[in-house]
2 protein chains.
Amino acid sequence: MSQLKSQENKKGADDTATRILDAAEVLFAENGFAGTSARDITSSAGCNVASINYYFTGKDNLYKQVCKRRLNALRDFRINSINDYMAQSPEDISLEGLLYNFSRAFLAPLIEEASGRNVMKLMVREMLFPQLPANMVFEELILPMSTVLQDAMVKVCPGLGERQALWSIFSLVGQLLHTMHIQDMLSSNSGEKFSNPFEVSSAVDHIVAFTVAGVEALIA
Amino acid sequence: MSQLKSQENKKGADDTATRILDAAEVLFAENGFAGTSARDITSSAGCNVASINYYFTGKDNLYKQVCKRRLNALRDFRINSINDYMAQSPEDISLEGLLYNFSRAFLAPLIEEASGRNVMKLMVREMLFPQLPANMVFEELILPMSTVLQDAMVKVCPGLGERQALWSIFSLVGQLLHTMHIQDMLSSNSGEKFSNPFEVSSAVDHIVAFTVAGVEALIA
DNA sequence: AAAAGTATAAAACATTTGTTTGAAAAGTCA
DNA sequence: TGACTTTTCAAACAAATGTTTTATACTTTT
């Protein structure tokens with residue numbers, strides 16, 4: 001019994017260190033690094049202020065760990081998703097299918113979990129206004145993900161150059177992120193200023209169709 | 001002589017209040033609201049800490065004024081740019097011309113001034129992670145701008161529905177912003193991980209061609 | 001030139017910040 | 001049980017925060 005509890009506490013969800021990570025993720029995503037105090041985090045996590053320096057060496061490292069925890073999982077999920085799609089028999093592969101599959105994987109955190117929005121917010125924040133040295137989000141997420149998708153697109157699209165593929169990826173990801181942000185705004189603004197029906201899946205449909213046409217125009 | 005200097009000081013560039021606004025704009029864009037201290041601002045502006053509370057009532061209001069100063073100018077410039085284009089004789093108007101014209105206007109701060117990047121960063125920051133109540137950027141920039149462009153697109157593109165036009169605008173703006181961000185990353189990352197040649201004007205060429213194809217696919 | 005008004009600055013204000021300390025509590029293992 | 005480690009917490013720390021005060025310089029007006 002006590003051994004079981006011990007094992008649970010090592011990795012369990014109510015482990016203090018994990019509770020701090022979870023609380024910090026929400027607050028960092030919402031209010032940024034400088035906008036979140038150590039006491040905000042620990043009071044939200046239900047523990048003492050000193051715990052941040054006990055489990056993590058300080059606020060800076062805590063932020064780093066919060067980012068790292070999600071970065072690898074996000075990257076692997078997206079890359080695996082691309083590779084899985086490309087592993088199909090060739091006649092089942094198409095540009096539209098590839099981009100649709102990738103877009104769903106890209107937005108998966110938003111679609112699946114409720115906490116997914118925090119993860120996305122945190123990543124976008126760290127991408128646009130990096131707090132960490134060495135541009136972790138770029139090196140460990142954007143660059144490897146783009147490279148894999150670039151190769152896949154070139155394979156699927158005969159006649160599409162590498163640079164054209166890369167720019168098309170920027171176009172696609174730009175649309176996905178921006179649509180996400182607009183949706184976020186609309187949901188916080190109660191008034192439906194734009195005729196609202198803004199669902200994730202229909203947005204993906206639009207963006208993929210839009211992008212396929214754009215890519216094909218590059219080849220022609 | 002003293003009268004001349006007085007007039008200069010009322011609106012001149014080395015007016016203390018203006019110097020504070022300028023310094024605050026750079027620092028807020030770079031480090032965010034919470035990440036910028038009052039002393040950071042005043043030491044950068046070359047004046048005393050108390051000046052923030054003398055000219056503006058406090059840090060909060062200063063931030064508000066920093067945003068307001070650019071918001072209206074940005075919105076008017078973009079909207080006027082659209083209206084100017086649409087005021088041409090009909091045979092000179094095309095979808096490609098409209099989108100190209102808009103894209104150049106959208107990125108104008110980046111293209112023209114060196115300080116333009118700060119303005120863009122500040123706006124993006126306030127759009128994604130608003131500090132101000134009432135979502136100023138959305139209400140006073142995105143919404144009016146989108147509405148005007150939406151009307152223009154529907155006029156230029158027979159058969160394009162209003163909602164399709166709006167989604168196309170999101171696609172276009174998403175690409176413009178994301179390209180800007182990627183470029184910003186590449187310029188800060190010394191290593192040229194992506195084969196670099198990433199110039200604003202060629203990026204706009206790609207994005208406009210890409211978007212025109214996307215829009216035409218919606219109509220067909 | 002004297003008076004009135006405006007602008008600047010140094011110092012002090014009370015809070016809040018991240019981090020450290022030292023001791024008490026809980027858990028582990030002989 | 002009793003020694004040992006790990007975890008938790010209240011309290012204290014110096015440094016930094018936004019803001020206010022008070023006095024001094026500068027400008028304008030009379």
Side-chain angles (χ1 to χ4, degrees), chain A residues 1-67 131-133, chain B residues 1-67 131-133:
Chain A
M1 167 58 180
S2 74
Q3 283 181 3
L4 178 64
K5 195 177 176 193
S6 158
Q7 283 180 3
E8 279 179 348
N9 278 353
K10 293 277 183 189
K11 298 249 174 188
D14 44 7
D15 182 49
T16 301
T18 309
R19 258 169 31 236
I20 291 177
L21 279 173
D22 290 338
E25 181 176 277
V26 175
L27 292 169
F28 283 148
E30 202 70 32
N31 311 114
F33 179 78
T36 304
S37 76
R39 285 169 181 81
D40 287 340
I41 297 170
T42 52
S43 86
S44 168
C47 62
N48 192 272
V49 211
S51 303
I52 285 187
N53 283 278
Y54 180 76
Y55 286 104
F56 313 87
T57 59
K59 193 189 163 192
D60 292 87
N61 183 254
L62 169 60
Y63 180 78
K64 193 174 170 183
Q65 299 304 325
V66 167
C67 289
Q131 304 280 349
L132 300 171
Chain B
M1 167 60 184
S2 73
Q3 283 182 1
L4 179 64
K5 194 178 176 191
S6 158
Q7 283 180 3
E8 279 178 348
N9 279 355
K10 293 278 182 187
K11 298 249 176 190
D14 44 7
D15 182 49
T16 300
T18 309
R19 263 173 21 240
I20 292 177
L21 278 174
D22 290 338
E25 181 176 277
V26 175
L27 293 170
F28 282 147
E30 202 70 33
N31 311 114
F33 179 79
T36 304
S37 76
R39 284 169 181 81
D40 288 340
I41 297 170
T42 51
S43 85
S44 168
C47 63
N48 192 272
V49 211
S51 302
I52 285 187
N53 283 278
Y54 180 76
Y55 285 104
F56 313 87
T57 59
K59 194 189 163 192
D60 292 86
N61 184 253
L62 168 61
Y63 180 78
K64 193 175 172 185
Q65 299 304 324
V66 166
C67 289
Q131 305 279 349
L132 299 172

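Just so it is clear: chains get the letters A, B, ... in the order the sequence lines come, proteins before strands, and each one is counted from 1.
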With rounding to the nearest 0.5 angstrom, report the [atom1] to [atom2] distance, [X] to [Y].
X        : Y       : atom1 : atom2 : value
B:Leu132 : B:Asn61 : CG    : CG    : 10.0 Å
A:Glu25  : A:Asp22 : CD    : CG    : 6.5 Å
A:Arg19  : A:Thr42 : CZ    : OG1   : 10.5 Å
A:Leu27  : A:Ile20 : CG    : CD1   : 12.0 Å
B:Leu21  : B:Thr16 : CG    : OG1   : 11.0 Å

### Among C:dT19, D:dG18, D:dC9, the nucleotide that comes nearest once only the side chain of A:Lys59 is considered
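Looking only at heavy atoms from C-beta outward on A:Lys59, the closest nucleotide is C:dT19.
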Protein-nucleotide distance ([X], atom [atom1]; [N], atom [atom2]), rounded to Å:
X       : N      : atom1 : atom2 : value
B:Arg19 : C:dA9  : CZ    : C1'   : 13 Å
B:Ile20 : D:dG18 : CD1   : P     : 13 Å
A:Phe56 : D:dT7  : CZ    : P     : 12 Å

### Query
For A:Ser37 and C:dT16, is the shortest distance between a side-chain N/O and OP1 or OP2 below 4.0 Å?
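No, outside the criterion.
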### Message
Tell me which residues in residues 48-55 of chain A lie within less than 4.0 Å of DNA chain D, going by non-hydrogen atoms.
### Response
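The stretch gives A:Asn48, A:Ala50, A:Tyr54, A:Tyr55 as the residues lying under 4.0 Å from the strand, ordered by number.
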### Query
Hey, are the side chains of B:Ser44 and B:Val26 touching, using non-hydrogen atoms and a 4.5 Å cut-off?
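No, side chains not in contact.
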### Query
Can you list every salt bridge (Lys or Arg N to Asp or Glu O under 4.0 Å) pair that touches residues 27-41 of chain B, not counting sequence neighbours?
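For residues 27-41 of chain B: B:Glu30-B:Lys121.
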Please set out all donor-acceptor pairs under 3.5 angstrom arising from side-chain atoms of residues 53-60 of chain B, sequence neighbours excluded.
from	atom 1	to	atom 2	distance (Å)
B:Lys59	NZ	B:Phe33	O	3.0
B:Lys59	NZ	B:Thr36	O	2.8

### Message
Counting only heavy atoms and a strict 4.0 angstrom limit, can you tell me which residues of residues 24-33 of chain A come near DNA chain C?
### Response
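Going residue by residue through residues 24-33 of chain A, none turns out to have a heavy atom under 4.0 Å of DNA chain C.
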### Message
Just to be sure I understand the geometry, which residues of residues 38-45 of chain A put a non-hydrogen atom under 4.0 Å away from DNA chain C?
### Response
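Output list: A:Ala38, A:Arg39.
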### Message
What contact category does B:Thr57 fall into here, base, sugar-phosphate, or nothing, at under 4.0 angstrom with non-hydrogen atoms?
### Response
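No contact at all - B:Thr57 keeps every heavy atom at 4.0 Å or more from the nucleic acid.
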May I have the list of side-chain donor-acceptor pairs in residues 45-52 of chain B shorter than 3.5 Å, sequence neighbours left out?
from	atom 1	to	atom 2	distance (Å)
B:Asn48	OD1	B:Ala50	N	3.0
B:Ser51	OG	B:Asn48	O	3.0

